[in-house]
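Heads up: the structure comes next, in structure tokens.
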Amino acid sequence: EVQLQASGGGSVQAGGSLRLSCATSGFPFYEYAIGWFRQAPGKEREGISVINNRDGSTRYAESMKGRFTISSDNVKNTVYLQMNNLKPEDTAVYYCGAENTPVHLERMINEGPWSGYWGQGTQVTVSS
């Protein structure tokens, strides 16, 4: 059974940092791309970043470049999202999703994983 478990969310003040984790199981981690997405109340889901575990290649949504960094630990089967200089507009539920490679990373950021593999969300709240 494919499982993705997102964690690490919380409440921080503007300018603070958080590191989210997406722990996975039930599929060959090395063969998948994992992405981070978020959805704020009343807004559509938006992609943040994806990483291809086969070759380590990454993509970021243009608006997410600079403050967010995605990384992967192929031993722990876990993908991380380091978020720095957080802003109130970053408040959202953050989700991770997985898709088997080969995958077009830009497409995956924009549309989410076609596989439909999603973890439950983790809430991030940034106060001013």
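The two residues Asn84 and Ser17 make their nearest non-hydrogen contact at OD1-OG, 3.0 Å. Summarising the geometry of Ser57 relative to Leu105, their closest heavy-atom pair is OG-CD1, 3.6 Å, with the distance given to 0.1 Å. Nearest heavy atom pair, residue Arg59 against residue Glu106, reads CD-OE2, 3.5 Å. Taking all atoms of both residues into account, the shortest heavy-atom contact from Ile34 to Met108 is C-CE, 4.1 Å.
Between the side chain of Asn110 and the main chain of Arg107, no donor-acceptor pair closer than 3.5 Å is present. With hydrogens and angles disregarded, a donor-acceptor distance shorter than 3.5 Å links the side chain of Glu99 to the backbone of Trp114.
Not counting sequence neighbours, the partners of Phe27 by the ring-ring contact (aromatic ring centres under 6.0 Å, His included) test are Tyr32. Evaluation of the salt bridge (Lys or Arg N to Asp or Glu O under 4.0 Å) rule for Glu89 yields no partner, not counting sequence neighbours.
A side-chain contact (heavy atoms from CB on, under 4.5 Å) with Leu4 is found for exactly one of Thr24, Thr78, Val79, namely Thr24.
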For residues 121-128, which side-chain donor-acceptor pairs fall under 3.5 Å, sequence neighbours excluded?
| unit_1 | atom_1 | unit_2 | atom_2 | d |
| --- | --- | --- | --- | --- |
| Thr122 | OG1 | Gly9 | N | 3.1 |
| Gln123 | NE2 | Ala92 | O | 3.4 |
| Gln123 | NE2 | Thr125 | OG1 | 3.4 |
| Ser127 | OG | Val12 | O | 3.4 |

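Both Trp36 and Met64 belong to a single network of hydrophobic side chains, linked directly or stepwise wherever heavy atoms of I, L, V, M, F, W or Y lie under 4.5 Å apart. One hydrophobic cluster holds both Ile70 and Phe68 under the rule that ILVMFWY side chains link at heavy-atom gaps under 4.5 Å. In the hydrophobic clustering of this structure, Phe29 groups with Tyr117; members are Ile, Leu, Val, Met, Phe, Trp, Tyr whose side-chain heavy atoms approach within less than 4.5 Å, directly or through other members. Tyr60 and Tyr95 fall into different hydrophobic clusters, defined by Ile, Leu, Val, Met, Phe, Trp and Tyr side-chain heavy atoms under 4.5 Å apart, directly or through other members. Both Leu18 and Leu81 are assigned to one and the same hydrophobic cluster, defined by single-linkage of ILVMFWY side chains at heavy-atom distances under 4.5 Å.
Between Tyr30 and Arg54, the closest side-chain pair of non-hydrogen atoms falls below 4.5 Å. Within the 4.5 Å cutoff, no side-chain heavy atoms of Met83 are placed close to those of Arg67. Two residues are said to be in side-chain contact when any heavy atoms from C-beta on lie closer than 4.5 Å; Phe37 and Pro113 meet this criterion.
Ser72 and Asn74 share a side-chain donor-acceptor pair at under 3.5 Å.
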